[in-house]
S.K.: 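Got a structure here, written out as C-alpha cells. Questions coming.
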Amino acid sequence: MRNAEISKILYEIGAFLEMQNIPFKPRAYEKVAEVMEELEEEAGDIYQRGGLTALGKIPGVGVSIAEKIEELLKTGRLKYYEDLKKKTPVDLSGLASVPGLGPKNIKKLYEKLGIKNLSDLEKAARAGKIGKIEGFGAKTEENILAGIEFLKTSGSRFVLGFLKSRVRELEARLKKLKEVERVNVAGSIRRSKETIGDVDILVTSQKPALVMDFFVSQPGISRVVAHGDTKSSVRLENGLEMDLRVVPEESYGAALLYFTGSKDHNVALREIAIKKGCKLNEYGLFKKEKNRDVAVAGKTEEEVYEKLGLSYIEPEMRENLGEVEAAAKGNLPDIIKYGSLKGDLQTQSDWTDGANSIYDMALKAESTGLQYMAVTDHTKRLAMANGLDEKRIVKQWAEIDKVNTKLRAKNSKLKVLKGTECDILKDGTLDLPDKILSKLDVVGVSVHSYFNLDEKTQTNRVLRALSNHNVDILFHPTGRIINKRGAINLNMDEVIKAAKKLGKILEVDAFPDRSDLKDEYIKKCVQVGVKMAIDSDAHSIQHFEYLEYGISQARRGWAEKKDIINAWPLEKMLGFIKH
DNA sequence: GCCGTTTTCGGCCCGACTGTTTTCAGTCG
C-alpha cells in the first residue's frame, strides 16, 4: 500500500474520532496523515528495512499508529478503521472536501438524512432537506450546494509561476488605494512553494472596512466566502481562493510571520515561545505576567525571531525541516539571492521548438542581466520539435559565431555558448555522436521518451548517459510536469551519487510546471556537494523571467551561490564543467 | 495517540468568521 492511501485512511480515522468528540486523538492522526503524505520514502520500504521500530521513527508515529500501518502494509486492511467506518459508513474524504463541511456535520447529516456521499448530499440539498435540520439553515444549504459546484469545477493546485503576475497586479491595485498603508503577499506564495492552494494578502489600514469592500468587489470574483472586519475571503472564477487581512501596524511583523507559515514552522516557533514563558500569535510575542500579557515584539519579523533567540529565517526555508534548529545555533546557510545568476544554460531557439531567433534570445538574456547564455536546441530524435541532426547543429555553430560577432560589435557583454539538449535514447546512449558533443561548450542531456520504464531500467539508462565523458548537465532530471505528468521512475539517490562521483551537474529547471529538481533533491545535492545549474528552459524571450522561480526553488533547497554554477562568472563555470 | 533540554504523565497553537443561535459550535488556516 502506498503512502497516499495510508495517509487517507489515517486522516479518515482522525475525522471519525472527531465525530465522537474524542479529544486530542484526532489531531494526532491528522498530523501523521500529513507527514505520511509528504514522506519521501514509501512506508512499505521503511517497514521492510527496519520493521515497527523504523516506522516508529516517522515523526508523529508512536507504537499504536505503527502497528496500524503494519497491519495496512501486511493485509491491506485495518480492523480499527473498518469498525469506525461501520459506525458511520460514509465517504468521509469526499464529503469533507466540501468547503465548510466537517466531521461533526457529516455525522449529523448521516444520522438525520442517511447521507453517505456527495451525490446523496447534493440530492438532499436540492430537495431543501438540509435547511430543516436543527443547527443547519437555508444559508448552510446554499453553501453546501455552492461547495459541491466548486468541487466539480476546481482542479488541482495552482502553479506558482503561472499565477504570480495576477497576484502582483492585485497587490499593485491595493497599494494604489490611499486607505492602504502596507501590503504584503504572505502564505505559500511568499515561501515560493512550487504550487499554491490559495493567496494570503496582508495590509495595514486605518479604514479596514473600506479596504474590505474594495477587495470583495474586485473583478473576476465568483463568490465572496467571508466578509468581516479584519478578514475577507473570495473565490475567483478559476477556483483560486484569496484571503485579505487587515492587521494593526504594531503587529505587522507577527502577522506576516504567522500568515507566511508554514503551519509547522509556526508551531515550532510557538513552542519556543512557550518555553520562554511567552505566547506567540498573529498579534505579537507576549510575555505572560501575573494578570496580563506584555508585548515583547511584533512590529517586524526580525524582532520576533530575535526575541525568540533565533537568527532571521528566509521565508523559503520556513518548513520546520531543520531551519529553526539551525537558526538557534546561528548555522543557517547563506542561501542564493534573487538576481544573482550570471548565465542561463538551457534555452531553445527557432532552430527547433523555440519561438525566437538566437539573436533575439541573446538580446533579451542581456537585458535580463545575464552575461552568458547557452543555446541548447533539441536533437533529432525529438522530430516533433524539429530536433537538430549533425549537419544542422554544425550550421548552427556558424550562426552562433555570427551572433557573437554582432553582439561584440555593439559592445554587448553577453556571450552565446554552443550547447545542446541531447536526447537520452532508450538504452542510455545519446542522440548525437561524441565527435559533435566534444566540440560543444555545454552538453545537456534529458529524457523525453519511454517515461514508464521501471526504476532499475530507467535509473541505469540515465546513469549510462551521465557516464559519457562529454556530458555536463542532466536537464530536468525527473521529467515531471506538475498537474500533467509524474516523475519518471528514477532512483534519485543513485543519480546524485553518480553525479558526485563523475562531477556532473544536475539542473534546476525553472520552467514553472517543471520546477525540476524539486526542493528536497536540491537539499540532498547541497549536502553531498553536487553542483547544480538553474536554467529557464526558455522557449521564447518571455521565459527568461522564469529564472526567478528556479532561484526560489534553490532557496527552498538551501542552496548557496557556491552550489549553483551559473551564478559564477563564465570562465569559472566553463572551467568547472570541462575540468 | 504522541511526546519530552521543565515532563515517562500531563500536557497538546490559537484566533476569526459564519450561521444558527441568544451564548456558541463548527470549520478553517
Side-chain angles (χ1 to χ4, degrees), chain A residues 10 13-19 21-35 55-69 80 95-109 130-144 146-147 186-188 196-200 202 208 212 216 224-234 241-247 251 254-255 257-286 293 309 320 325 328-329:
Chain A
L10 293 172
I13 290 175
F16 279 127
L17 296 172
E18 180 95 49
M19 282 180 186
N21 249 328
I22 294 171
F24 304 114
K25 286 194 194 184
R27 207 68 339 108
Y29 277 100
E30 201 178 290
K31 233 178 136 177
V32 167
E34 278 169 24
V35 170
L55 288 177
K57 294 221 173 79
I58 300 171
V61 176
V63 174
S64 171
I65 293 184
E67 282 171 355
K68 291 187 173 72
I69 296 175
Y80 180 68
L95 289 170
S97 62
V98 177
L101 194 56
K104 301 268 169 64
N105 285 332
I106 290 173
K107 182 173 184 234
K108 218 186 231 176
L109 288 170
I130 288 175
K132 299 203 177 79
I133 305 175
E134 198 188 331
F136 289 73
K139 188 76 198 173
T140 305
E141 188 168 272
E142 210 177 284
N143 286 341
I144 285 176
S188 51
I196 58 163
D198 60 7
V199 180
D200 292 296
L202 284 192
M212 289 294 160
V216 299
V224 176
V225 182
H227 185 175
D229 297 333
T230 64
K231 180 193 163 184
S232 287
S233 201
V234 299
E241 186 162 317
M242 302 212 285
D243 294 344
L244 180 74
R245 296 169 197 259
V246 179
V247 299
S251 309
L257 190 61
Y258 180 83
F259 291 114
T260 297
S262 66
K263 201 169 75 181
D264 289 343
H265 180 82
N266 287 344
V267 169
L269 295 189
R270 280 176 186 222
E271 280 163 7
I272 290 177
I274 291 168
K275 277 179 195 145
K276 290 185 181 289
C278 294
K279 178 178 84 171
L280 177 64
N281 59 25
E282 58 264 54
Y283 297 106
L285 181 66
F286 301 91
D293 296 335
N320 197 26
E325 293 80 356
K329 290 187 201 138

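Sequence lines set the chain letters: A, B, ... in the order given, protein chains first and strands last, and positions in each chain run from 1.
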S.K.: Roughly how many Å apart are dT6(B) and dG11(B), using the C1' atom of each and rounding to a whole number?
M.R.: 12 Å
S.K.: Give P103(A) one of three labels, base, sugar-phosphate or nothing, depending on what nucleic acid heavy atoms sit under 4.0 Å from its own.
M.R.: sugar-phosphate
S.K.: Please work out if A15(A) contacts a base, only the sugar-phosphate, or nothing of the nucleic acid, heavy-atom cut-off 4.0 Å.
M.R.: nothing
S.K.: Using 0.5 Å steps for rounding, measure from the CG atom of L257(A) to the CG atom of N266(A).
M.R.: 6.0 Å
S.K.: Of all the heavy-atom pairs spanning S188(A) and G197(A), show the shortest one and how long it is.
M.R.: OG-N, 4.2 Å
S.K.: Identify, with sequence neighbours excluded, every residue that meets side-chain contact (heavy atoms from CB on, under 4.5 Å) alongside A28(A).
M.R.: none
S.K.: Find out whether Y29(A) and K68(A) are in side-chain contact, i.e. whether some heavy atom of one side chain is under 4.5 Å from a heavy atom of the other.
M.R.: yes
S.K.: Can you tell me, in whole Å, how much space there is between the P of dT27(B) and that of dT21(B)?
M.R.: 15 Å
S.K.: Go through the structure and list residues passing side-chain contact (heavy atoms from CB on, under 4.5 Å) with T140(A), not counting sequence neighbours.
M.R.: F136(A), I144(A)
S.K.: Would you kindly compare K139(A) and V61(A) by the position of their nearest DNA chain B nucleotide and give the one closer to the 5′ end?
M.R.: V61(A)
S.K.: With sugar-phosphate meaning primed atoms plus P, OP1 and OP2, does N143(A) contact a base, only sugar-phosphate, or nothing at under 4.0 Å between heavy atoms?
M.R.: sugar-phosphate
S.K.: Could you check which nucleotide pairs with dT8(B) in any of the strands shown, counting Watson-Crick or G-U wobble with both distances under 3.5 Å?
M.R.: none
S.K.: Hey, does P23(A) reach any base, or is it just sugar-phosphate, or nothing, if we go heavy atoms under 4.0 Å?
M.R.: nothing
S.K.: Does K31(A) have any side-chain hydrogen bond (donor to acceptor under 3.5 Å, both in side chains) partners at least two apart in sequence or in another chain, and if so, which?
M.R.: none
S.K.: Which is the 5'-most and which the 3'-most nucleotide of DNA chain B that has an atom under 4.0 Å from a heavy atom of chain A?
M.R.: dG1(B) to dG29(B)
S.K.: Distance between the C1' atoms of dT23(B) and dG29(B), in whole angstroms?
M.R.: 24 Å
S.K.: Do any of residues 27-34 of chain A sit with a heavy atom less than 4.0 Å from DNA chain B, and if so which?
M.R.: A28(A), Y29(A)
S.K.: Would you classify S233(A) as touching base, sugar-phosphate or nothing, given that sugar-phosphate means primed atoms plus P, OP1 and OP2, and contacts are heavy atoms under 4.0 Å?
M.R.: nothing
S.K.: What's the gap between dC14(B) and dT8(B) when it is taken at their C1' atoms, as a whole Å value?
M.R.: 27 Å
S.K.: Select base, sugar-phosphate, or nothing to describe what K231(A) touches, counting heavy atoms under 4.0 Å on all strands.
M.R.: sugar-phosphate
S.K.: Touch check for L17(A), heavy atoms < 4.0 angstrom, all strands: base, sugar-phosphate only, or nothing?
M.R.: nothing
S.K.: Under 4.0 Å, counting only non-hydrogen atoms across every strand here, what does E271(A) touch: a base, just sugar-phosphate, or nothing?
M.R.: nothing
S.K.: For E241(A) and S233(A), does a side-chain donor sit closer than 3.5 Å to a side-chain acceptor?
M.R.: yes
S.K.: For D198(A), which contact category applies under a 4.0 Å heavy-atom criterion: base, sugar-phosphate, or nothing?
M.R.: nothing
S.K.: Using the test side-chain contact (heavy atoms from CB on, under 4.5 Å), find all partners of E34(A) that sit at least two apart in sequence or belong to another chain.
M.R.: E30(A), K263(A)
S.K.: So, E141(A) side chain and I130(A) main chain: donor-acceptor pair closer than 3.5 Å or not?
M.R.: yes
S.K.: Between I133(A) and G56(A), which residue's closest nucleotide on DNA chain B lies nearer the 5′ terminus?
M.R.: G56(A)
